[in-house]
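This report refers to the structure that appears directly beneath it.
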Amino acid sequence: TLWGDKINPLEHVHLGQKVDAIVLVPATANLIGKMAGGIGDDLLTTILLAATRPILVCPAMNCEMWANPAVQENVERLRGRGLEVMPPVCGELACGVAGHGRLPEPPDIFEALARLVSPQDLAGRRILVTAGPTHEDLDPVRFITNRSSGKMGYALARVARRRGAAVTLVTGPTALPDPYGVELVRVRTAMEMLKEVWDRFPACDALLMAAAVGDYRPESLSPQKLKRGPQ
């Protein structure tokens, strides 16, 4: 209840001060408007008014509601007060239309929360990370590669981003989901990876090379599938 009980008579105050962070999933246009206006007319909004911990706001609503100037002004007011607002993504909405207003996926929300509660000792730094294998084509069907999963490089990129760095991940082909908040540069061959890293290296503070770059590539690429047997 709003006022708690005899043991915790001010629970609406303590609940926002005894946690590491508060995550609002989903945050409606109505809730965002109340927060922007400093309204505390129920348990949740009074908790937010008395909170002393970081707050992550994850809006989800109809795309036209999200684009409404009043909603955007309220979002900017919250950001101006130091709250973290995670923009909705584009996708199919509950109302049957598609557009920006869909709640981000849970793993991305988790990453945003992880950054919110992590030390920001890499803030202002630019980190370049390589990950995954490379594919060296023999013909339109076959290529030389290795079994690298890319997990190490992706993990390094996530942690660097959590700690406040601006992260660029140059990755070979993997089956891993894109890490949230990281600039992703996809490459296929060792030479492509070399070019992308070389172009970005002068502007970065650190380079973390976790990619399993191929040691060999063919002298020439066959324009058609090679037949079995000696060539």
Side-chain angles (χ1 to χ4, degrees), residues 1-5 8-120 122-124 157-167 177-184:
T1 62
L2 182 59
W3 299 108
D5 50 34
N8 298 298
L10 297 176
E11 195 68 6
H12 65 291
V13 174
H14 300 311
L15 283 174
Q17 301 175 355
K18 292 182 177 180
V19 296
D20 294 313
I22 298 174
V23 186
L24 303 173
V25 182
T28 64
N30 183 62
L31 176 58
I32 291 172
K34 285 185 176 182
M35 294 172 66
I39 297 173
D41 61 354
D42 56 22
L43 179 59
L44 176 57
T45 51
T46 51
I47 289 173
L48 296 174
L49 283 176
T52 56
R53 302 300 186 182
I55 299 175
L56 174 62
V57 184
C58 302
M61 63 194 73
N62 170 267
C63 53
E64 298 299 337
M65 293 177 66
W66 172 248
N68 189 288
V71 173
Q72 291 300 308
E73 288 174 9
N74 289 335
V75 167
E76 290 307 312
R77 290 173 72 180
L78 296 184
R79 286 177 172 150
R81 296 173 190 167
L83 278 69
E84 183 74 18
V85 181
M86 187 176 186
V89 298
C90 187
E92 185 175 351
L93 307 178
C95 58
V97 302
H100 282 90
R102 184 180 177 87
L103 189 71
E105 294 300 316
D108 292 342
I109 295 175
F110 175 83
E111 282 300 321
L113 173 61
R115 180 172 186 173
L116 196 63
V117 299
S118 296
Q120 298 298 288
L122 293 180
R158 283 196 302 271
V159 172
R161 196 262 174 187
R162 289 178 187 178
R163 291 170 56 180
V167 180
D178 297 350
Y180 177 75
V182 170
E183 179 190 5
L184 198 67

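Contact of the L56 side chain with the I109 side chain is registered, since non-hydrogen atoms from C-beta on lie closer than 4.5 Å. In this structure, the side chains of V23 and L116 stay at 4.5 Å or more apart for every pair of heavy atoms. Side-chain atoms of W66 and P59, non-hydrogen and from C-beta on, do get closer than 4.5 Å to each other. Taking 4.5 Å as the limit, every side-chain heavy atom of I55 sits out of range of all side-chain heavy atoms of L78. T45 places a side-chain heavy atom less than 4.5 Å from the side chain of L31. Taking 4.5 Å as the limit, every side-chain heavy atom of L44 sits out of range of all side-chain heavy atoms of K34.
Around CD of E64, the count of heavy atoms belonging to other residues, nucleotides or ligands within 6.0 Å does not exceed 12.
R161 places no side-chain N or O within donor-acceptor distance of the main-chain N or O of R115, the cut-off being under 3.5 Å. Although no hydrogens or angles enter the test, the distance criterion places no donor-acceptor pair under 3.5 Å between the side chain of E92 and the main chain of V97. Remark: the backbone N or O of P179 is not paired with any side-chain donor or acceptor of R158 at under 3.5 angstrom. With hydrogens and angles ignored, the 3.5 Å screen pairs no side-chain donor or acceptor of R162 with any backbone N or O of S118.
Residue L113 holds its CG atom at 11.5 Å from CD1 of I22, rounded to the nearest 0.5 Å. Atoms CG and CD, on L24 and E84 in that order, are 12.5 Å from each other to the nearest 0.5 Å.
Every residue was checked against the salt bridge (charged side-chain N to carboxylate O under 4.0 Å, His left out) condition with E105, not counting sequence neighbours, and none meets it.
Here the shortest heavy-atom pairing between C58 and V25 reads SG-CG2, 3.9 Å. Pairing each heavy atom of M65 with each of V71, the nearest pair is O-CG2, 3.2 Å. Taking both residues in full, the closest heavy atoms of V182 and A157 are given as CG2-O, 4.1 Å, listed atom of the first, atom of the second, then distance.
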